[in-house]
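All residue numbers refer to positions in the sequence shown, counting from 1.
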Amino acid sequence: MERLFITGIGTDVGKTLVSAILTEALQADYWKPVQAGLEPTTDAATVRSLVQNPVSRFWPERHRLQLPASPHAAAAVEGITLQPADFQLPETTNHLLVEGAGGLLVPLAPGFLLADLAQQFALDVIVVSRNYLGSINHTLLTLEALQARGLRVRGLVFNGEPTPATEDFIAEHTGVPLMPRILPETEVTPAMVSRYAAEFRSWFGL
């Protein structure tokens, strides 16, 4: 069974979209351990709305925090300190996707980063990158941080308009396996997710 942790090189790079595509591709279960910000919707609700297969189960978040901010700050507002012992992987015999919050080194609490959670679960990691000024640096730093922690990078997803100079450099410099890319889309729909899911399913050899 696949046990995958989805992270991004920062915020708003397409992590939730990739999570939806992979959930559909693998007919996997989905879990978002920490949701910071509940309006206008949550990441879990977005993924659920885009996935059509009847197999996937959507596990409830361990923490649902009102403030759309870094989880450590959002939790502090509510008088909560997130602890490693708070989190246990859902018990499922299905594939499981775990979606992070923001980038890899986002703090959940003092001394407790999102990367620590991925290590705690010993999950393979999929990194989502989007091109912008500074994205090469952010992508390489994310991949180096994963390597330093002994976490296996299963693949890298480029999301958005193709930028060969950036993507070729990252691929050649790191040797990370490249997954199917996601192009700019006028509308994100279940049909669009299903179309990409077929490409990712093939990448996994399914």
Side-chain angles (χ1 to χ4, degrees), residues 1-35 43-44 46-48 50-51 53 56 58-59 87 89-90 92 94-106 113-131 135-136 138-160 162 166-167 170-171 173-183 185 188 192-206:
M1 288 293 111
E2 298 283 357
R3 295 286 188 270
L4 300 171
F5 184 83
I6 316 302
T7 192
I9 64 168
T11 58
D12 299 323
V13 297
K15 190 169 66 278
T16 299
L17 174 57
V18 171
S19 295
I21 290 169
L22 288 169
T23 299
E24 182 69 11
L26 298 173
Q27 297 192 11
D29 288 4
Y30 169 91
W31 183 45
K32 175 95 172 181
V34 180
Q35 173 69 46
D43 290 341
T46 297
V47 173
R48 185 191 294 268
L50 294 170
V51 168
N53 79 77
S56 295
F58 297 86
W59 295 83
F87 300 96
L89 277 179
T92 177
N94 193 14
H95 301 298
L96 177 66
L97 296 185
V98 180
E99 182 181 355
L104 181 68
L105 300 185
V106 163
L113 306 178
L114 201 63
D116 298 322
L117 194 62
Q119 276 187 294
Q120 178 177 321
F121 295 145
L123 299 173
D124 287 352
V125 181
I126 291 175
V127 177
V128 183
S129 179
R130 181 193 290 274
N131 182 62
S135 66
I136 294 176
H138 294 162
T139 303
L140 297 184
L141 285 171
T142 298
L143 294 171
E144 283 199 4
L146 288 165
Q147 183 181 31
R149 289 170 175 268
L151 288 165
R152 178 190 179 201
V153 179
R154 189 65 180 277
L156 176 64
V157 179
F158 288 114
N159 177 35
T166 292
E167 296 169 18
I170 291 170
H173 184 78
T174 65
V176 171
L178 298 184
M179 303 183 80
R181 73 160 311 108
I182 299 171
L183 294 168
E185 300 285 345
V188 176
M192 185 218 84
V193 166
S194 180
R195 174 164 48 87
Y196 280 106
E199 295 184 41
F200 279 79
R201 192 176 300 116
S202 178
W203 187 89
F204 279 98
L206 301 175

Which heavy atom of [X] sits nearest to which heavy atom of [Y], and what is that distance?
{"X": "Ala25", "Y": "Ala197", "answer": "CB-O, 3.4 Å"}
{"X": "Thr166", "Y": "Ser135", "answer": "CG2-OG, 4.2 Å"}
{"X": "Ala115", "Y": "Leu105", "answer": "CB-CD2, 4.0 Å"}
{"X": "Leu97", "Y": "Ser19", "answer": "CD1-O, 3.6 Å"}
{"X": "Ala101", "Y": "Leu114", "answer": "N-CD2, 3.2 Å"}
{"X": "Val193", "Y": "Ala20", "answer": "CG1-O, 3.8 Å"}

Does [Y] offer a backbone N or O that forms a donor-acceptor pair with the side chain of [X] under 3.5 Å?
{"X": "Asn53", "Y": "Ser56", "result": "yes"}
{"X": "Lys32", "Y": "Gly100", "result": "yes"}
{"X": "Tyr30", "Y": "Leu22", "result": "no"}
{"X": "Arg3", "Y": "Asp124", "result": "no"}
{"X": "Glu99", "Y": "Trp31", "result": "no"}

Contact between [X] and [Y] at the side-chain level, heavy atoms closer than 4.5 Å - yes or no?
{"X": "Pro180", "Y": "Val157", "value": "no"}
{"X": "Ile126", "Y": "Phe200", "value": "no"}
{"X": "Val98", "Y": "Ile6", "value": "no"}
{"X": "Asn131", "Y": "Phe158", "value": "no"}
{"X": "Asn159", "Y": "Arg181", "value": "no"}
{"X": "Phe58", "Y": "Val51", "value": "yes"}
{"X": "Val106", "Y": "Leu113", "value": "no"}
{"X": "Leu17", "Y": "Tyr196", "value": "no"}

Out of curiosity, [X] [atom1] to [Y] [atom2], how far, rounded to the nearest 0.5 Å?
{"X": "His173", "Y": "Leu140", "atom1": "NE2", "atom2": "CG", "result": "5.0 Å"}
{"X": "Asp29", "Y": "Leu26", "atom1": "CG", "atom2": "CG", "result": "11.0 Å"}
{"X": "Leu117", "Y": "Leu123", "atom1": "CG", "atom2": "CG", "result": "8.0 Å"}
{"X": "Leu89", "Y": "Trp59", "atom1": "CG", "atom2": "CH2", "result": "10.5 Å"}

Self-check item: Steps toward side-chain contact (heavy atoms from CB on, under 4.5 Å) verdict (Val153, Gln147)
Solution: CA-CA 8 Å; Val153 179; Gln147 183 181 31; over 6 Å; no

Quiz item: When you look at Leu104 and Leu146, which way does the side-chain contact (heavy atoms from CB on, under 4.5 Å) test go after all the steps?
Solution: CA-CA 8 Å; Leu104 181 68; Leu146 288 165; 3.6 Å; yes

Practice problem: Apply side-chain contact (heavy atoms from CB on, under 4.5 Å) to the pair Ile170 and Leu156, showing each step before the final yes or no. | Solution: CA-CA 10 Å; Ile170 291 170; Leu156 176 64; 3.7 Å; yes

Looking at [X] and [Y], does any basic side-chain N land under 4.0 Å from a carboxylate oxygen?
{"X": "Glu2", "Y": "Arg154", "result": "yes"}
{"X": "Asp12", "Y": "Arg130", "result": "no"}
{"X": "Arg201", "Y": "Glu24", "result": "no"}
{"X": "Glu185", "Y": "Arg195", "result": "yes"}

Quiz item: After noting the C-alpha distance and the side-chain angles of Phe5 and Leu151, does the key distance pass the side-chain contact (heavy atoms from CB on, under 4.5 Å) rule?
Solution: CA-CA 10 Å; Phe5 184 83; Leu151 288 165; over 6 Å; no

Quiz item: With a 3.5 Å cut-off and no angle check, do the side chains of Ser129 and Thr139 form a donor-acceptor pair?
Solution: yes

